[in-house]
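Within every chain, numbering begins at 1; the chains are lettered A, B, ... in the order of the sequence lines, protein sequences first and strands thereafter.
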Amino acid sequence: MGRNFFIRPTLNVARDLLGKYLVHETNKYRLVGKIVEVEAYLGERDPASHSYRGKTKRNEVMFRSGGYLYVYFTYGMHFCCNVVTGREGIGRAVLLRAVEPIEGKQWIRARRAKSPTEVDLCNGPAKLCQAFGIDRRDNGTDLCGKIIWIGATASDGKKFAIGSSTRIGISNGRKHRWRFFIQGNPFVSRGKPAK
DNA sequence: TTGGTGATGTTT
DNA sequence: AACATCACCAAA
């Protein structure tokens with residue numbers, strides 16, 4: 001997708017990311033996953049967002065213009081990745097929470113050796129990053145480049161129903177239903193929304 | 001199937 | 001001290 005796809009209201013980008021492909025390509029392999037679950041984080045108006053209190057060294061990438069990858073380290077062992085949205089200067093992004101493996105499954109399985117079944121390979125934000133080999137080195141990657149990008153697919157559009165719920169694993173901003181997923185898709189994480 | 005907890009490091 | 005998580009174990 002081109003830059004203009006990302007420089008739009010965050011909630012629209014979040015819903016439109018569903019059904020699209022996340023691609024990670026190197027000279028060794030090409031990994032592709034269909035995005036089935038995301039969460040929107042709306043910056044200064046969202047107490048659950050990393051950018052709620054303004055720009056820091058950690059969240060600097062969130063304040064770039066749309067179309068960059070914000071990767072953060074969490075819980076002492078995991079990485080999660082976000083698609084930055086909107087104009088430069090506002091810290092908003094969409095967390096990628098789950099994808100359905102499409103291509104390069106041998107590499108994905110190798111990285112996710114602990115995963116007992118196909119659906120457990122990428123059904124969580126940290127699992128997804130582990131499966132796709134995304135870590136702190138990928139923070140700030142331009143998604144309009146040739147290494148990690150978002151691809152349009154045939155399943156784009158209105159061929160599936162979009163479900164929504166409150167976001168998972170947060171303590172502030174619980175009231176907002178800013179988690180979106182492809183309804184009925186088995187590769188959506190089974191994490192329950194926080195009450 | 002559900003719920004509790006340890007692992008582990010960065011940020012506040 | 002909390003944290004945008006995961007894997008493992010025990011209980012029912």
Asker: If you write DNA chain C from 5' to 3' in dot-bracket form, with Watson-Crick or G-U pairs under 3.5 Å, [ ] for crossing pairs and | for pairs with another strand, what do you get?
Answerer: |||.|||||||.
Asker: Measure the OH-OG distance between A:Tyr70 and A:Ser51 for me, rounded to the nearest 0.5 Å.
Answerer: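 These two atoms lie 8.0 Å from each other.
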Asker: Test the A:Arg3-A:Phe5 pair against the cation-pi criterion, namely NZ or CZ under 6.0 angstrom from the six-membered ring centroid and within 45° of the ring axis.
Answerer: no
Asker: Please say whether the positively charged group of A:Arg136, taken as NZ for Lys or CZ for Arg, lies over the ring of A:Phe73, i.e. under 6.0 angstrom from the six-membered ring centre and within 45 degrees of the axis.
Answerer: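 The answer is yes, since A:Arg136 meets both limits relative to A:Phe73.
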Asker: Taking atom CD1 as the centre, does A:Ile147 end up with more than 12 heavy-atom neighbours from other residues, nucleotides or ligands that are less than 6.0 angstrom away?
Answerer: no
Asker: Assuming nearest nucleotide by heavy-atom distance, tell me which of A:Asn82 and A:Lys127 is located more 5' along DNA chain C.
Answerer: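 Going by which nucleotide is closer to the 5' end, it is A:Asn82.
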Asker: Distance alone, cut at 3.5 Å: any donor-acceptor contact between the side chains of A:Asn123 and A:Lys127?
Answerer: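 Side-chain D/A pair, A:Asn123 to A:Lys127: present.
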Asker: Using a 4.0 Å heavy-atom cut-off, does A:Arg97 contact any base of the nucleic acid, only the sugar-phosphate backbone, or nothing at all?
Answerer: sugar-phosphate
Asker: Under 4.0 Å, heavy atoms only, any strand: does A:Ala48 hit a base, just the sugar-phosphate, or nothing?
Answerer: base
Asker: Using the 3.5 Å cut-off, write out each protein N or O paired with an N or O of nucleotides 6-10 of chain B and the distance between them.
Answerer:
from	atom 1	to	atom 2	distance (Å)
B:dT8	O2	A:Tyr75	O	2.2
B:dT8	O2	A:Gly76	N	3.4

Asker: Are A:Arg8 and A:Asp16 within salt-bridge range, i.e. N to O under 4.0 Å?
Answerer: yes
Asker: For the residue pair A:Tyr29 and A:Trp107, does the interplanar ring angle fall in the parallel (under 30°), tilted (30 to 60°) or perpendicular (over 60°) class?
Answerer: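 Tilted: the ring planes of A:Tyr29 and A:Trp107 meet at 30° to 60°.
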Asker: Could you tell me the boundaries of the chain A footprint on DNA chain C, defined by atoms under 4.0 Å from its heavy atoms?
Answerer: C:dC3 to C:dA7
Asker: Can a salt bridge be assigned to the pair A:Glu25 and A:Arg30 using a cut-off of 4.0 Å between side-chain N and carboxylate O?
Answerer: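 Here A:Glu25 pairs with A:Arg30 in a salt bridge, since their nearest N and O are under 4.0 Å apart.
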Asker: Could you tell me if A:Ser65 and A:Arg87 have a donor-acceptor pair between their side chains, going purely by distance under 3.5 Å?
Answerer: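 The criterion, which ignores hydrogens and geometry beyond distance, is not satisfied for A:Ser65 and A:Arg87.
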Asker: Could you tell me whether A:Arg45 sits above the aromatic face of A:Tyr52, with NZ or CZ closer than 6.0 angstrom to the six-membered ring centre and within 45 degrees of the axis?
Answerer: no
